[in-house]
Amino acid sequence: SSEFGHDLTPDMIYRYSRQLLLPSFGVQGQSNLLKSSILVIGAGGLGSPALLYLAACGVGRLGMVDHDVVELNNLHRQIIHGEAYIGRSKVESAAAACRSINSTIEIMEHREALRTSNALEIVSKYDIVVDATDNAPSRYMISDCCVLLGKPLVSGAALGLEGQLAVYNYNGGPCYRCLFPTPPPTTACQRCSDSGVLGVVPGVIGCLQALEAIKVASLVGEPLSGRMLLFDALSARIRIVKIRGRSSQCEACGENATLTREEFQHFDYEKFTQSPLSAAPLKLKLL
Amino acid sequence: SSEFGHDLTPDMIYRYSRQLLLPSFGVQGQSNLLKSSILVIGAGGLGSPALLYLAACGVGRLGMVDHDVVELNNLHRQIIHGEAYIGRSKVESAAAACRSINSTIEIMEHREALRTSNALEIVSKYDIVVDATDNAPSRYMISDCCVLLGKPLVSGAALGLEGQLAVYNYNGGPCYRCLFPTPPPTTACQRCSDSGVLGVVPGVIGCLQALEAIKVASLVGEPLSGRMLLFDALSARIRIVKIRGRSSQCEACGENATLTREEFQHFDYEKFTQSPLSAAPLKLKLL
Amino acid sequence: YLASSKILICIFSLKCSGGLELLCDSVKIHSINVDLPAEEKKLTMKHLLAWVRSNLIKERPEMFMKGDTVRPGVLVLVNDCDWELSGQLDTTLEDKDVIVFISTLHGG
Amino acid sequence: YLASSKILICIFSLKCSGGLELLCDSVKIHSINVDLPAEEKKLTMKHLLAWVRSNLIKERPEMFMKGDTVRPGVLVLVNDCDWELSGQLDTTLEDKDVIVFISTLHGG
Ligand SMILES: [Zn+2]
Ligand SMILES: [Zn+2]
């Protein structure tokens, strides 16, 4: 149907009509979205809403990586998973939910942990990466991988009653290492499984991650690059602050950066951050 | 198990463990939540994430009202509904999704339009109301009903690439009519079905509505009362602004307010706002 | 006294309603210079609205104003505070004040 | 020159990490008065950090600082701008400046 200047089928026009009606999004934004591919790393608290909204809005190819299985204590925040999937793969569960919402897009399942040995191969298949993981070594590994492959990275985090969001390695902007060249001491690191999180807090951040990924994919709006969003749920306060640009000294993306694919595959991110890629068992003493 | 100072069963402790671990939420916040009841009016773009997160986090009794059926052009934003439910009741679909996430809470289905004839009866069964509707007459009707019954109202709206959020009639704060005593001219009113909306925008606002309802129900944090959140998705800007307090002249909640239950039941909100309660058919000319 | 004040204006949710095309390409903050009527000592919201009406609104002023104030459904914020708290039309403005106009949304 | 400056401090995401109990009950903005060393003309971030260390941090200073600057993983914002853009420790502060400390989060 090139005579109408777009490739949308009548079914697509009906399904996405409310987005097509938007003057600032429209047929061009939707076409860009349908041609794009997005990888969501982590099908947990952040990944749940991010995957649902990315599937619903019509991303052409949607990938998900996670090695975990669904547990009952995930369900208070990981709304993509139902009780029927307890004990089964999170990716299997999330893929089924995305397909039930939108059977017309391509959904790719990666039922494995993202590691230095497979990250380059998996990430290279997608245009945009959404970091929805829950630990420090993954965040450095994913950022380095995106720098090596030139992929924009939509990074979200949530803990307790607070959340953070930024777009890295986009359009000359900073990467995660530009901001955080040195990992924090391990005593300062906490993850949801250790410290708790109110379920809807990753919900808000995960939705905002989907939004930023949609903006990058559809070429609509100003992505949150060079800026960071800080969310405090308790007081209902949100700050959007200006952060530094790309650092010329950055070991990943700077002028004299020496990071290579070969080095990446042998880099020990757990040792670098002194923190494990998988979560420790929960210590909860209420009974 | 009163010897531990709470009524949580071991299953609940496991399911909600990540919320119980939070010092500022904890056992007391979770107990309050489990004892509360919340009504979500509208199972559409705002209601979808609001219902999923309220069900997941452990609201004791969760009600939903909507008379609509699921259509294919809802699915780009109404992530609680799958393709299998097209043509079926939105409430039926949303209730099934909530039950699949959390079978341990009570879910109440109201498969009907909220009207002046049934609003008082339905709303009186709940502690907190979430307005997730899409039109002006419903917003005035729900606010008046909440004032008459003394219920806090978590009000969200989304259109195009923008969203708004506020908590009304809470703790001496303003009601919707204090802010908007006179309805806008009909030419200035638009709804998603006429003007389009990017799917994830009501996603963000619906999550924030769930958060505010959770804060009111659990007695944790500062709800967004006397303040309003303004969200612009395109530029990734969020403003939280201070709004007026309760107006002594308000016809609904002011000192000389004359609104009674009897009057409410005969008030014509469609005439008052010159706007219909149900959506007009879509005019989309891309083909 | 000031002959002209630099005022920052931000329009939320009024873009699609027409009538404010000059300000309507985005919700970014726009900086404008408002001339003060010669006989007045201070710039007030009343002056600012009159100035907006004659200088910025090209068509359908009823989408934004009614009489000498904003139409029903529009909130006015002066430095992120509802103008009901600062005296509505009588609010006095200073250099670099930020004025936000918001139209209430009903969609969902 | 000023003998003391009123500085607004806001702590994000550092609450649970301990060491900043005085500021840690909420992310509300706290107003503090910082005395300027007698021989100095201007208050800098270097002075402010030293002041915070001796006046606000009761225990485990390593959760907040390393040497004379903040520990890795903490971002410092001066009036909502990364202090890398204003000279880090040499950034000069004025009355009513808002300083935000954020600890990077890793959870999800
Ligand atoms: Zn870098
Ligand atoms: Zn009122």
Side-chain angles (χ1 to χ4, degrees), chain A residues 41-42 44-47 77 131-139 156-164 174 176 178-185 187-197 201-202 205-206 209 226-228 230-232 234-235 237 239-245 247 273 275, chain D residues 8-21 23-31 45 57 59-91 97-108:
Chain A
I41 306 175
L46 298 165
R77 69 184 189 282
D131 183 346
T133 63
D134 69 350
N135 61 81
S138 294
R139 293 184 183 277
L159 189 77
L161 291 146
E162 292 181 274
Q164 296 173 353
Y176 187 74
C178 291
L179 239 71
F180 304 110
T182 312
T187 45
C189 289
Q190 294 171 314
R191 56 175 105 197
C192 302
S193 49
D194 308 330
S195 321
V197 62
V201 175
I205 299 294
Q209 284 184 282
R227 295 184 288 160
M228 184 183 278
L230 309 172
F231 173 52
D232 180 70
L234 207 57
S235 61
R237 275 163 220 267
R239 279 185 113 92
I240 294 164
V241 301
K242 186 168 162 48
I243 55 175
R244 68 199 72 174
S247 160
T273 58
S275 174
Chain D
L8 305 168
I9 288 195
C10 177
I11 311 277
F12 259 92
S13 314
L14 269 167
K15 289 173 294 192
C16 312
S17 319
L20 280 167
E21 283 72 14
L23 297 172
C24 291
D25 49 329
S26 111
V27 294
K28 276 186 198 167
I29 291 173
H30 300 260
S31 180
M45 276 304 300
I57 299 182
E59 53 184 35
R60 297 174 74 201
E62 74 279 9
M63 297 304 298
F64 181 57
M65 294 188 70
K66 187 175 176 183
D68 64 351
T69 189
V70 292
R71 72 155 167 82
V74 172
L75 288 183
V76 182
L77 303 160
V78 179
N79 299 325
D80 282 347
C81 255
D82 193 340
W83 75 339
E84 285 281 331
L85 302 167
S86 57
Q88 290 183 299
L89 288 169
D90 297 328
T91 309
D97 275 353
V98 180
I99 315 301
V100 178
F101 298 104
I102 327 159
S103 174
T104 176
L105 298 178
H106 301 116

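Letters A, B, ... mirror the listed sequences (proteins, then strands); counts begin at 1.
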(request) Quick one: pull up OG in D:S103 and CD in A:E162 and give me the separation to the nearest 0.5 Å. (result) 9.0 Å
(request) Report yes or no: does D:E84 contribute a side-chain atom to a donor-acceptor pair with the main-chain N or O of A:L179 at less than 3.5 Å? (result) no
(request) Can you sort out the partners of D:T69 under side chain to side chain donor-acceptor pair (under 3.5 Å), two or more places apart, ordered by chain and number? (result) none
(request) Could you pull out the closest heavy-atom pair between D:L105 and A:A157, with the gap in Å? (result) O-CB, 3.3 Å
(request) Would you mind checking which part of A:T182 comes under 4.5 Å of any heavy atom in chain D, side chain (CB onward), backbone (N, CA, C, O), both or neither? (result) both
(message) List the residues meeting side chain to side chain donor-acceptor pair (under 3.5 Å) with A:S247, not counting sequence neighbours, and say none if there are none.
(response) none
(request) Check the pair A:R239 / D:I102 against side-chain contact (heavy atoms from CB on, under 4.5 Å), numbers first and verdict last. (result) CA-CA 11 Å; A:R239 279 185 113 92; D:I102 327 159; over 6 Å; no
(request) Return the minimal non-hydrogen interatomic distance between A:R244 and D:L85, and the atom names on each side. (result) CA-CD2, 4.1 Å
(message) When you compare the side chain of A:T273 with that of D:H106, does any pair of heavy atoms fall below 4.5 Å?
(response) no
(message) Tell me the closest heavy-atom pair linking D:G73 and A:P184, and the distance in Å.
(response) CA-CB, 4.2 Å
(request) Let me know if A:R139 has heavy atoms under 4.5 Å from chain D in its side chain, its backbone, both or neither. (result) side chain
(message) So which atom in D:G107 and which in A:L46 form the shortest heavy-atom distance, rounded to 0.1 Å?
(response) O-CD1, 4.0 Å
(request) Using the side-chain contact (heavy atoms from CB on, under 4.5 Å) rule, pick out the option among D:D82, D:N79, D:L77, D:V78 that qualifies with A:V241. (result) D:L77
